[in-house]
Trainee: 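Please read through the structure below; I'll follow up with questions.
Position 1 is the first residue of the sequence; numbering continues from there.
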Amino acid sequence: MRFRAKMVDVGCLNNFTRVVNTISKLTKTCTLRLTTDNLFFMLSDKVANGGVSMWCELSQQGNFFDEFQLEGVSAEANEIYLELQPENLSRALRTAQNAKSLKIKLTKKHCPCLTLAAELPSLSSVSRVVTHDIPVDVIPRRLWQDFKEPIVPDFDVSIYLPPLKTMKNVVDRMKNLSQHLVLEANLNGEMNLKIETDLVSVSTHFKDLGNPSWGDDGSQGPSRDRAPEVMAHTRVDIKKLQQFLAGQQVNPSKAMCNIVNKRMVHFILLHEDVSLQYFIPAVA
């Protein structure tokens, strides 16, 4: 297996750094899947068992890397799966913010590593290079089947989200009042965030958000026969929702939410060459 890549464009490096920073806020450990066309950051905790799940896809061809070479485990399986701690990658990228170039390479030292070499600006003719070795675990091919792209669940309502900073401010205030939050929405573009306890009941209402079209006929697919004013709702752990909103640095051009009634909330963030899906299970 071989992997090496190089970044020169500062804008691409900054975009990549923002994505990695977001991933590092969402999970302590994740799987990095390398293919000839895309990079994927994956977290496959079982939603059915109460864990969150994440799938982040980056289109790398000419969008992030100026050079990209990959030789996978075999000719027919030209991919590499690595387990790593994204915080280590995020920390290494902080030293490369003003770099003239950044090289990333899969190496074998005391253990398998992603080696990042950042060439920093210098006032002299001697270049300054800062190197970071990030330990990784190579995932054998027999386990790849555990990391399949999640299927968009049959949702009841899909809705565009309000500005994420606004939503974060609301959730930050609510978390001091309850451990759980009810997120509900309908096909009229209305969404509510609610908490209800024995002592207090608080709700925030958003209107005119709009509903994405999923079906070929412009409908919402599975929910096309649903009455527009009827709310679908899911009760989630407020800390998991807060973590998702607090860690977001992708600055999406589109942010959507699919509500699978009483079962889960599926968030989708889209920005140019990056897509991030995040699943939060319901709580009883």
Side-chain angles (χ1 to χ4, degrees), residues 22-23 25-27 43 45 47-48 50-56 150 152-214 220-223 226-271 275-284:
T22 297
I23 302 302
K25 300 295 184 182
L26 296 178
T27 179
L43 173 64
D45 284 356
V47 173
V52 298
S53 181
M54 176 193 70
W55 182 274
C56 182
V152 175
D154 289 339
F155 52 83
D156 295 273
V157 169
S158 181
I159 192 167
Y160 288 112
L161 293 174
L164 296 184
K165 286 186 178 180
T166 301
M167 191 172 173
K168 174 184 178 298
N169 290 336
V170 172
V171 173
D172 284 346
R173 292 184 175 91
M174 287 183 167
K175 75 176 178 63
N176 298 318
L177 302 174
S178 176
Q179 295 180 346
H180 304 115
L181 176 145
V182 174
L183 193 156
E184 63 179 16
N186 63 20
L187 298 179
N188 281 334
E190 299 171 333
M191 187 179 81
N192 302 323
L193 302 179
K194 302 166 59 176
I195 60 171
E196 295 181 356
T197 70
D198 294 336
L199 300 176
V200 66
S201 177
V202 180
S203 62
T204 299
H205 308 277
F206 299 94
K207 294 183 178 181
D208 302 319
L209 296 176
N211 301 96
S213 299
W214 289 84
Q220 282 228 331
S223 61
R226 187 180 184 88
E229 70 280 1
V230 176
M231 290 285 182
H233 69 277
T234 299
R235 187 169 181 257
V236 299
D237 185 326
I238 199 168
K239 289 184 179 179
K240 293 178 180 178
L241 178 58
Q242 184 195 26
Q243 182 181 29
F244 169 72
L245 294 171
Q248 194 284 124
Q249 297 181 29
V250 176
N251 300 322
S253 56
K254 289 184 180 180
M256 298 170 280
C257 169
N258 296 336
I259 299 179
V260 184
N261 202 34
K262 300 180 182 179
R263 286 179 42 220
M264 75 169 69
V265 180
H266 172 209
F267 293 99
I268 306 169
L269 306 183
L270 302 176
H271 179 69
S275 67
L276 172 64
Q277 299 182 64
Y278 197 73
F279 301 80
I280 302 179
V283 294

Trainee: What closest approach, in Å, do Gln277 and Pro150 show between heavy atoms, and which atom pair accounts for it?
Mentor: OE1-CG, 4.3 Å

Trainee: Flag the pair Arg263 / Thr234 as yes when at least one side-chain heavy-atom distance between them is below 4.5 Å, and no otherwise.
Mentor: no

Trainee: Evaluate the side-chain proximity of Leu181 to Leu193: yes if any heavy-atom separation is below 4.5 Å, no if none is.
Mentor: yes

Trainee: Do Thr204 and Met174 have side chains that get closer than 4.5 Å, going by heavy atoms?
Mentor: yes

Trainee: Could you report the tightest heavy-atom contact between Ser201 and Glu196, atom names first, then the distance?
Mentor: OG-CG, 3.7 Å

Trainee: How close do Ala232 and Asp156 get, heavy atom to heavy atom, and via which atoms?
Mentor: CB-CB, 3.7 Å

Trainee: Specify the closest pair of heavy atoms between Leu245 and Val171, including all atoms of both residues, with the distance to one decimal.
Mentor: CD1-CG2, 3.8 Å

Trainee: Decide side-chain hydrogen bond (donor to acceptor under 3.5 Å, both in side chains) for Asp237 and Gln179; before the verdict, give the C-alpha distance in whole Å, the side-chain angles of both, and the deciding distance to 0.1 Å.
Mentor: CA-CA 6 Å; Asp237 185 326; Gln179 295 180 346; over 6 Å; no

Trainee: Asn192 vs Glu184, test: side-chain hydrogen bond (donor to acceptor under 3.5 Å, both in side chains). Steps then yes/no.
Mentor: CA-CA 5 Å; Asn192 302 323; Glu184 63 179 16; 2.8 Å; yes

Trainee: Nearest 0.5 Å please: distance from the CG atom of Leu276 over to the CD1 atom of Ile23.
Mentor: 5.5 Å

Trainee: Check whether any side-chain heavy atom of Leu26 lies under 4.5 Å from a side-chain heavy atom of Leu43, and answer yes or no.
Mentor: no

Trainee: Are the side chain of Asn258 and the backbone of Ser158 linked by a donor-acceptor contact shorter than 3.5 Å?
Mentor: no

Trainee: With a cut-off of 6.0 Å (strictly less than), are more than 12 heavy atoms of other residues, nucleotides or ligands near CG of Asn176?
Mentor: yes

Trainee: Taking it one step at a time, do Leu161 and Leu209 satisfy side-chain contact (heavy atoms from CB on, under 4.5 Å)?
Mentor: CA-CA 7 Å; Leu161 293 174; Leu209 296 176; over 6 Å; no

Trainee: Could you list the residues that satisfy ring-ring contact (aromatic ring centres under 6.0 Å, His included) with His266, not counting sequence neighbours?
Mentor: Phe279

Trainee: Which heavy atom of Leu183 sits nearest to which heavy atom of Cys257, and what is that distance?
Mentor: CD2-SG, 4.0 Å

Trainee: Run the numbers on His180 and Ile195 for side-chain contact (heavy atoms from CB on, under 4.5 Å), then give the verdict.
Mentor: CA-CA 7 Å; His180 304 115; Ile195 60 171; over 6 Å; no

Trainee: Looking only at atom types and distance, does a side-chain atom of Asn186 sit under 3.5 Å from a main-chain N or O of Asn188, one as donor and one as acceptor?
Mentor: yes

Trainee: If we only count heavy atoms from C-beta on, is the Tyr278 to Gln243 side-chain gap below 4.5 Å?
Mentor: yes

Trainee: Quick one: does Met231's side chain get under 4.5 Å of Glu190's, heavy atoms only?
Mentor: yes

Trainee: Please tell me if the side chains of Pro252 and Leu164 come closer than 4.5 Å, counting only heavy atoms from C-beta onward.
Mentor: yes

Trainee: So do the side chains of His233 and Lys262 get within less than 4.5 Å of each other, counting heavy atoms only?
Mentor: yes

Trainee: Considering non-hydrogen atoms only, spot the tightest contact between Ile159 and Met191 and give its length.
Mentor: CD1-CB, 4.0 Å

